Q: 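My structure is below; once you've seen it, I'll send some questions.
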Amino acid sequence: MRHLLSVTDLSVEELDELLKAAADIEEHPDLYAHRMEGKKLATLFFEPSTRTRLSFEAAMYELGGQVLGFAGANSSSAAKGESVKDTVRTVSCYADIIAMRHPLEGAPWAAVQSSTVPVINAGDGGHHHPTQTLADLMTLRKEKGRLDHLKIGLCGDLKFGRTVHSLIEALARYPGNEFILISPWELRVPAGIINELKEKNVAFREAESLEEEITSLDALYMTRIQQERFFSVEEYLRLKDSYILDEEKMRLAPKDMIVMHPLPRVNEIDVKVDRDERACYFKQVMYGKIMRKALILKLLSELDREEAPGPVKITTGKHCKNPRCISTTEQGLEPLFYPVHQVTVQGVPTRIPTKYFCAYCEMEQV
Ligand code: CP
């Protein structure tokens, strides 16, 4: 059984296969109209959504399947205190596949411990959003013709913006890509992702001025300042209008630069930019539905596939330090960590654990 928790659960070859499948679905939708007959998708959304939930549901209906679920924690037994694991174990009795969104980081990793059907992460806190990345990859492939050798500016809330984290992880695996990370100092990309870029020798630069950087980009990925993730209202109010893309700034941009945004937007893109032919964010919405159709078909056709064992997880007797991690609230969820070993010390072979990362939210424990 396959799940999609992080975009790295898919190899580059599998991403390319999904893009190919999506192109065929887009061209011949009728050929796919009955492929999921008799199958049910459950959408478990503990956090608000318009695009992700409705595009999953539209995708399943267009494949001939059926849909059940809830669109808010308050309309499920989570409001009575039911755990994620119990909810998912229950829903596994009713549905063939689950798409879930949760405000806590790592919640889908807890869900798969009790699920008997494939689980798709439809966004967990400020952590990951792999199916938005599928939409973003299809947009880049169709609008720029390639996924490699791109100079991509990511602008706005790069700290809490889960779509940014997943997109960087995906594009960092294609050769020649360069990231320009444009944000206020307080909302920079988390250190764990920066360290990964350094370890993989991926070109990137952190910057603060959108006006200076927009002049040389292939794609500009704007993001909303994520109000719901801030601990302080004052901090949000201070940072909320850090970047506003308007017609004046678009005049500085290359003629073939595309503008992307996972949406919803608040006011970081002036509505007048919508009529610029470089604005691609509503195309992203449509591509998202098509990629989700391809993903549902893939996961439900690979139910019997033997999964390669994942990295070793261990207990340390400690709890995760991230207050936004599912392991801090979920009853009966054992704290687990990925140890990273130092293989040699002064040339002598050893396997001393030097770092630990939470197996749910992936935060390094310090
Ligand atoms: N892009 C995205 O996740 O949108 P929703 O929050 O509306 O699902």
Side-chain angles (χ1 to χ4, degrees), residues 4-7 18 22 41-61 67 69-76 97-108 119-140 142-143 152 154-171 219-230 236 240 245 258-269 271 273-274 279-296 324:
L4 180 66
L5 307 185
S6 152
V7 75
L18 278 173
L41 163 77
T43 51
L44 312 185
F45 277 60
F46 298 86
E47 197 183 59
S49 165
T50 296
R51 274 148 295 275
T52 311
R53 185 173 66 84
L54 295 180
S55 67
F56 263 117
E57 296 189 355
M60 193 58 167
Y61 284 128
V67 172
F70 54 81
N74 284 339
S75 57
S76 77
I97 185 164
I98 291 172
M100 72 170 276
R101 170 172 290 188
H102 199 282
L104 288 175
E105 297 171 11
V119 173
I120 300 170
N121 180 3
D124 63 316
H127 189 210
H128 286 300
H129 194 346
T131 65
Q132 178 62 47
T133 298
L134 298 182
D136 299 341
L137 295 183
M138 184 166 178
T139 307
L140 285 166
K142 284 187 71 93
E143 305 300 322
I152 305 130
L154 298 123
C155 179
D157 185 347
L158 308 188
K159 177 180 181 184
F160 298 123
R162 56 193 173 199
T163 64
V164 167
H165 306 161
S166 294
L167 184 58
I168 291 175
E169 286 202 342
L171 287 176
L220 172 63
Y221 194 94
M222 293 296 294
T223 60
R224 175 176 68 92
I225 307 293
Q226 307 266 309
Q227 178 176 10
E228 64 275 32
R229 314 260 177 250
F230 278 72
Y236 169 69
K240 74 183 177 71
L245 181 67
I258 63 166
V259 181
M260 299 169 68
H261 191 308
L263 303 179
R265 93 176 121 187
V266 185
N267 58 349
E268 59 280 357
I269 301 182
V271 292
V273 176
D274 297 1
C280 288
Y281 25 94
F282 288 105
K283 288 183 183 171
Q284 267 169 279
V285 173
M286 180 52 78
Y287 298 148
K289 183 187 73 176
I290 300 168
M291 286 301 279
R292 289 179 178 109
K293 285 168 93 167
L295 178 67
I296 291 169
R324 301 171 198 269

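Not measured: the values here are computed from a predicted model. Counting convention: from 1, in listed order, for ligands and their atoms alike.
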Q: Could you pull out, from Q132, R51, H129, E47, the option with a heavy atom nearest to atom 3 (O) of ligand 1?
A: H129
Q: Do R101 and F45 meet the cation-pi criteria used here (NZ or CZ under 6.0 Å from the six-membered ring centre, within 45° of the axis)?
A: no
Q: Can you tell me how far CG of L4 sits from CD1 of I296, rounded to the nearest 0.5 angstrom?
A: 11.5 Å
Q: Considering both backbone and side-chain atoms of P262, is one of its nitrogen or oxygen atoms within less than 3.5 Å of a nitrogen or oxygen in ligand 1?
A: yes
Q: So M260 and L140, side chain to side chain contact (heavy atoms under 4.5 Å, CB included) or not? Walk me through it.
A: CA-CA 9 Å; M260 299 169 68; L140 285 166; 3.8 Å; yes
Q: Sequence neighbours excluded, which residues qualify as side-chain contact (heavy atoms from CB on, under 4.5 Å) partners of H102?
A: F46, V84, M100, L104, A107, I326
Q: Measure the shortest side-chain to side-chain distance between M222 and R265 over non-hydrogen atoms and say whether it is less than 4.5 angstrom.
A: no
Q: Below 3.5 Å, N or O to N or O, backbone or side chain included: is there any such pair between T50 and ligand 1?
A: yes
Q: Please list, in number order, the atoms of ligand 1 under 4.0 Å from a heavy atom of T52.
A: 2 (C), 3 (O), 4 (O), 5 (P), 8 (O)
Q: At a 4.0 Å threshold, what atoms of ligand 1 neighbour a non-hydrogen atom of L263?
A: 1 (N), 2 (C), 4 (O)
Q: Check each of R101, H261, R53, R162 against atom 6 (O) of ligand 1 and report the one with the nearest heavy atom.
A: R101
